[in-house]
Amino acid sequence: MSLYVEGLSKELPSTTNGMAQFQEVMRQQLESSMHVELEKLMSTAKGVDAKVSKKDFEGFRKIFHRFLQVKGPSVEWPKINRPPEDSIQPYDKIKAKGLPDNIADSLNKLVVVKLNGGLGTSMGCKGPKSLISVRNENTFLDLTVQQIEHLNKTYNADVPLVLMNSFNTDEDTKKILQKYTHHRVKIHTFNQSRYPRINKESLLPVAKDMGMTGENGDVWYPPGHGDIYASFYNSGLLEQLIAEGKEYIFVSNIDNLGATVDLYILNHLVSQPNGKRCEFIMEVTDKTRADVKGGTLIQYDGKLRLLEIAQVPKAHVDEFKSVTKFKIFNTNNLWISLSAIKRLQEQNAMDMEIIVNPKTLDGGLNVIQLETAVGAAIKCFDNALGINVPRSRFLPVKTTSDLLLVMSNLYSLEAGSLTMSERREFPTTPHVKLGSSFTKVQEYLTRFESIPDMLELDHLTVSGDVTFGKHVSLKGTVIIIANHGDRIDIPAGSMLENKIVLHGQLKHWISPYNRPQISCLDLKSFMNPGGSGWRQLPEVNLHQFGGLSRSRGKKILVTQSWDSQAYSLKECAPDSQK
């Protein structure tokens, strides 16, 4: 879990001037020791690497200095206010302004930037996550290029694509970029900084030289997407794009398939008078119970500011998670002025809260990473604005559960963009939870002979060794549970509607009719358990899964292992027999 800095003084309360002086001496000694270690590391760098590493280390020194200087929590809860109404505009209001006659003029001022520093390891893949196939053999990167090429061809525009790579993804990404040579998209890349991981005890770098192999394989890290401002500026690409007449960048995570160029938001940016131009737009969307940990916008010291859960005092975490008080969350789709980035970098005025991210290396050594988040800089820009966009603009693919949704017939693919199928009656996305047997992409793919029809699906839970034949249809609420040692094969052509499948047989048929008025266990408490070990839940009427069993009033008893994600169900006697 990432933690925001609360300062070294937390352990050394400054109750007297003498203590304050002692703390300052300690900080100076730590900075001096860090300087010596970084110089030693730099002495092992050669050629171009030495020049790049020098700029990286300049940034690292700044963030380390701020890390040592920070005192107390990064926010004072009583000073937090809801943003003024006009600071978060509804998307419909932006859209109502319409589009200009010459859309190309607006597009020619835009650059699309994709955050491409992540690996696909969480989904069992090697190399950059952007190279994972997500739809019709198209990767995240393929879809991004198709989207921008479609814009350029449709409007005879020149929107370039910029990829912010990390040292983990740069080499593989550059190799694959050759396939887009004949596409109508100019593609540029620049690299995030490379910072040294710090020993948690000594607060000194773990690395002994600038190498990245062998013992040094895991002692470096890319310092979060907040590094985009400094790295973009240092690369020279920022200056180049400004010289070409570009004014704004649209920044998003490359795995967010909903983050496409929106012409209405772009028009809102470029149509404002020069003196009142918005320098920063953050796309937010309505929070659901699945998004309670997402960062939100607040008013703080007269500025619009991003508040992350890691900044929230423990006593107020539940309040932060409330969907009534904090109703929106950050999608990380951002529109930012290039000239403003240049100004803030040159004035050294880019102020972002530091995230302290603890890690444990393979050998057991505890280290910390100092990181920043790109959205945290919103408070530094003039006339910053939030726009409450439709949920469709937030379609991240973080797990194979997400992958199943975007691969299914729930979405239509056209010119690289996914849109909800018109044949789906409800605009909401089904809740899908695939078990640990589906975590890795390759294993996930072997479990589906074809992706099921999910147009009428509301909820899907699959746990254990389960496979799906061709042309399976899933409707309503479907729960499929194979206990340890069992296997369930869903036959080709099956139609499962409001069913619980257990031990390889259809144990319960759930009907939407004759539902008794009964208090039922919240489905979320069944789906999102906490703690460890075995826990027995109360008797659960099947109504909570979308209906009840054919035998009126029949219940099941659910026992679940939180650690192994195994489930055990058994029928209970109806109320009349108890």
Side-chain angles (χ1 to χ4, degrees), residues 4 73-98 226 229 247-252 259 262 264-288 291-313 315-337 339-341 343-344 349-353 372-391 393-394:
Y4 273 75
S74 57
V75 293
E76 297 176 35
W77 196 256
K79 295 172 66 175
I80 291 175
N81 295 299
R82 291 184 181 180
E85 286 189 13
D86 61 350
S87 65
I88 301 180
Q89 298 280 339
Y91 177 77
D92 287 344
K93 183 177 179 180
I94 302 297
K95 190 174 182 179
K97 296 179 180 179
Y229 304 109
E247 297 182 12
Y248 287 93
I249 55 174
F250 171 50
V251 184
S252 62
D262 187 280
Y264 297 99
I265 297 177
L266 176 61
N267 180 54
H268 177 78
L269 282 169
V270 300
S271 63
Q272 296 184 17
N274 285 333
K276 296 182 179 180
R277 279 211 170 179
C278 175
E279 293 183 343
F280 194 111
I281 285 179
M282 175 181 288
E283 292 185 33
V284 297
T285 195
D286 292 342
K287 185 188 288 188
T288 68
D291 314 307
V292 293
K293 294 184 179 181
T296 191
L297 285 177
I298 59 171
Q299 187 81 353
Y300 194 89
D301 289 341
K303 285 274 194 177
L304 203 58
R305 180 165 169 177
L306 179 65
L307 176 67
E308 299 279 10
I309 191 169
Q311 294 171 273
V312 178
H316 297 281
V317 167
D318 288 341
E319 187 178 350
F320 174 83
K321 290 180 178 180
S322 167
V323 295
T324 54
K325 181 170 183 177
F326 299 102
K327 298 180 179 180
I328 49 92
F329 73 98
N330 170 30
T331 66
N332 218 39
N333 300 346
L334 310 170
W335 304 73
I336 312 172
S337 164
S339 60
I341 295 174
R343 181 189 76 239
L344 291 168
M350 200 70 78
D351 180 22
M352 292 169 283
E353 288 76 28
T372 54
V374 58
I378 188 172
K379 63 184 178 182
C380 307
F381 291 84
D382 295 336
N383 303 314
L385 180 70
I387 296 182
N388 193 341
V389 298
R391 181 78 182 200
R393 291 192 57 74
F394 184 67

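- Summarising the geometry, atom CG belonging to Leu306 is positioned 12.0 Å from atom CE belonging to Met352; distances are rounded to the nearest 0.5 Å.
- Residues meeting the side chain to side chain donor-acceptor pair (under 3.5 Å) test with Thr372, sequence neighbours left out: none.
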Exercise. Go through the steps for Tyr300 and Lys79 under the test side chain to side chain contact (heavy atoms under 4.5 Å, CB included), then give the verdict.
Key: CA-CA 6 Å; Tyr300 194 89; Lys79 295 172 66 175; 3.7 Å; yes
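- Scored by the ring-ring contact (aromatic ring centres under 6.0 Å, His included) test, Phe320 finds Phe326 as partners (sequence neighbours excluded).
- The closest side-chain heavy-atom distance from Asn333 to Val389 is not below 4.5 Å.
- No side-chain heavy atom of Arg393 sits under 4.5 Å from any side-chain heavy atom of Thr285.
- A pairwise comparison of heavy atoms in Trp77 and Pro313 identifies CE3-CD, 3.8 Å as the closest pair.
- The heavy-atom pair separating Cys380 from Asp351 by the smallest distance is SG-N, 3.2 Å.
- In terms of the ring-ring contact (aromatic ring centres under 6.0 Å, His included) criterion, residue partners of Phe329 (sequence neighbours excluded) are, by chain and number, Phe394.
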Quiz prompt | Derivation and outcome, side chain to side chain contact (heavy atoms under 4.5 Å, CB included), residues Met350 and Phe381 | solution = CA-CA 9 Å; Met350 200 70 78; Phe381 291 84; 4.1 Å; yes
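- Using a 4.5 Å heavy-atom cutoff, the side chains of Lys93 and His268 are not in contact.
- Sorted by first then second residue, the salt bridge (charged side-chain N to carboxylate O under 4.0 Å, His left out) pairs that include residues 265-282, not counting sequence neighbours, are Glu247-Arg277, Glu279-Arg343.
- Closest of all the heavy-atom pairs between Pro83 and Ile88 is CG-CD1, 3.8 Å.
- Side chains of Arg391 and Asp291 form a contact here, defined as non-hydrogen atoms less than 4.5 Å apart.
- Dense packing is recorded around NZ of Lys325, with more than 12 heavy atoms of other residues, nucleotides or ligands lying under 6.0 Å away.
- The side chain to side chain contact (heavy atoms under 4.5 Å, CB included) test applied to Ala315 returns no partner, not counting sequence neighbours.
- Checked against side chain to side chain donor-acceptor pair (under 3.5 Å), Ser322 has the following partners two or more places apart in sequence or in another chain: Thr324.
- The shortest distance between side-chain heavy atoms of Met282 and Leu297 falls below 4.5 Å.
- Taken to the nearest 0.5 Å, the CD1 atom of Ile387 stands 13.5 Å off from the OH atom of Tyr264.
- With a 4.5 Å cut-off on side-chain heavy atoms, Ile80 and His316 do not count as touching.
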Self-check item: Working for side chain to side chain contact (heavy atoms under 4.5 Å, CB included), residues Asp286 and Ile328
Solution: CA-CA 4 Å; Asp286 292 342; Ile328 49 92; 3.8 Å; yes
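- In this structure the side chain of Ile94 never reaches within 4.5 angstrom of the side chain of Asp262, judged on heavy atoms.
- Counting heavy atoms from C-beta on, the side chains of Ile249 and Ile341 come closer than 4.5 Å.
- With sequence neighbours left out, the side chain to side chain contact (heavy atoms under 4.5 Å, CB included) criterion links Asp92 to no other residue.
- Atoms OG1 and CD, from Thr331 and Glu283 in turn, are 5.0 Å apart once rounded to the nearest 0.5 Å.
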Quiz item: Under the side chain to side chain contact (heavy atoms under 4.5 Å, CB included) criterion, do Leu304 and Gln299 qualify, and how do the steps go?
Solution: CA-CA 5 Å; Leu304 203 58; Gln299 187 81 353; 4.1 Å; yes
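- For the atom pair CG (Leu385) and CG (Leu269), the distance works out to 8.5 Å, reported to the nearest 0.5 Å.
- Legend: residues meeting ring-ring contact (aromatic ring centres under 6.0 Å, His included) with Phe250, ordered by chain and number and at least two apart, are Trp335.
- Lys95 is linked by a salt bridge (charged side-chain N to carboxylate O under 4.0 Å, His left out) to nothing, counting only residues two or more places apart in sequence or in another chain.
- In this structure Lys327 satisfies the side chain to side chain donor-acceptor pair (under 3.5 Å) test with no other residue, sequence neighbours excluded.
- Shown here are the ring-ring contact (aromatic ring centres under 6.0 Å, His included) partners of Tyr229, two or more places apart in sequence or in another chain: there are none.
- By the side chain to side chain donor-acceptor pair (under 3.5 Å) test, Ser339 is found to be paired with Ser337, residues two or more places apart in sequence or in another chain being considered.
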